[in-house]
Amino acid sequence: MGLFDFLRSDEKKKEHEAAEKAKEQVEQQAAPSASGPSTAPRTPADAGTKYADAAEATKAAADRMAAAAPPAAAPKITPPPPPKPMQAAPKPPSAPPRPAGAAPSPGSAAHKAVPVPPKHAPVAGKRTYTVKPGDSLSAIARHELGNEGRWRELYAMNRGVIGGNPNMIHPGQVLTLPS
């Protein structure tokens with residue numbers, strides 16, 4: 001017997017016990033009470049015919065309990081306040097004008113959408129490398145710097161040219177090489 005079979009048999013057992021309890025309650029209510037005359041059948045054979053099944057007996061018991069219970073106060077329902085008239089949304093403060101050649105700030109949405117041009121043109125004393133098709137930062141670092149592990153240094157120096165993804169370098173980009 002599996003775990004689920006055990007659970008199913010437990011559920012069936014509970015259902016059966018509930019039906020037996022309901023049947024006992026019906027029989028107890030059908031038995032003559034000492035407090036006065038009853039309209040319930042007096043014999044056990046008649047008691048079994050009053051309700052067809054346990055569900056009907058349970059429903060009848062619930063109806064009797066609801067009838068005997070004091071009426072509950074109706075909850076107060078307050079209508080929602082009427083909608084307010086639409087007002088124009090306040091305009092956000094305009095940003096101060098930027099100089100013509102300024103790059104977007106790293107936190108702005110424009111920074112993510114527009115590639116940033118290099119901040120400085122390569123200085124005459126610095127070495128540069130023009131990216132060729134098939135190049136990668138690690139290959140450039142291996143050939144030009146002697147150690148492919150220095151690709152991170154190469155990327156850090158040229159992040160403005162390369163952008164946010166070090167794997168996306170394009171032919172024609174001019175990279176500044178560290179000394």
Side-chain angles (χ1 to χ4, degrees), residues 1-22 53-55 58-59 62 65-66 69 71-179:
M1 178 192 301
L3 175 65
F4 295 109
D5 295 333
F6 174 73
L7 292 175
R8 274 192 231 122
S9 68
D10 191 36
E11 289 173 7
K12 288 180 183 179
K13 184 178 176 183
K14 287 180 182 178
E15 289 173 7
H16 181 68
E17 289 174 357
E20 288 295 322
K21 277 187 178 181
D53 61 359
T58 304
K59 184 178 184 307
M65 289 174 62
K76 286 188 176 183
I77 299 175
T78 57
K84 295 181 180 179
M86 296 288 289
Q87 295 179 355
K91 291 185 179 184
S94 61
R98 291 190 308 180
S105 66
S108 70
H111 180 265
K112 295 172 184 158
V114 180
V116 178
K119 294 182 181 179
H120 305 289
V123 181
K126 298 250 179 172
R127 292 184 349 175
T128 61
Y129 179 84
T130 304
V131 177
K132 299 179 184 101
D135 275 346
S136 66
L137 290 179
S138 60
I140 295 168
R142 180 176 52 244
H143 291 294
E144 298 297 320
L145 305 174
N147 181 357
E148 71 180 32
R150 292 183 68 189
W151 72 267
R152 288 183 182 86
E153 183 182 352
L154 183 62
Y155 175 60
M157 284 188 73
N158 295 283
R159 190 176 192 120
V161 176
I162 297 169
N165 187 351
N167 294 322
M168 295 294 294
I169 60 172
H170 302 286
Q173 289 178 322
V174 179
L175 306 178
T176 304
L177 300 175
S179 50

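These figures come from a predicted structure and were not determined experimentally.
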**Report entry** Straight-line distance of Glu144 CD to Leu137 CG, nearest 0.5 Å
**Finding:** 12.5 Å
Query - Asn158 side, atom CG; Leu177 side, atom CG - distance, nearest 0.5 Å - result: 7.5 Å
**Report entry** Sub-4.5 Å side-chain heavy-atom contact between Pro178 and Leu145
**Finding:** yes
Report summary line: So CZ of Arg142 and CG of Asn147: to nearest 0.5 Å the spacing works out to 10.0 Å
Query raised in the report: What's the spacing between Met168 CE and Ser136 OG if we round to 0.5 Å?
Result: 13.5 Å
**Report entry** Where Asp135 and Ile169 come nearest, the two heavy atoms and their spacing
**Finding:** O-CD1, 3.5 Å
Query raised in the report: Do Arg150 and Glu148 have side-chain heavy atoms sitting under 4.5 Å apart?
Result: no
Report task. Evaluate the criterion side chain to side chain contact (heavy atoms under 4.5 Å, CB included) for residue pair Lys126 and Met157; output intermediate values, then yes/no. Result -> CA-CA 12 Å; Lys126 298 250 179 172; Met157 284 188 73; 4.2 Å; yes
Query raised in the report: Are the side chains of Ile162 and Tyr155 in touch, meaning some heavy atoms are under 4.5 Å apart?
Result: yes
Query - Gln173 and Lys132, any side-chain heavy atoms less than 4.5 Å apart - result: no
Query raised in the report: Looking at side-chain heavy atoms only, is the closest gap between Val131 and Val174 below 4.5 Å?
Result: no
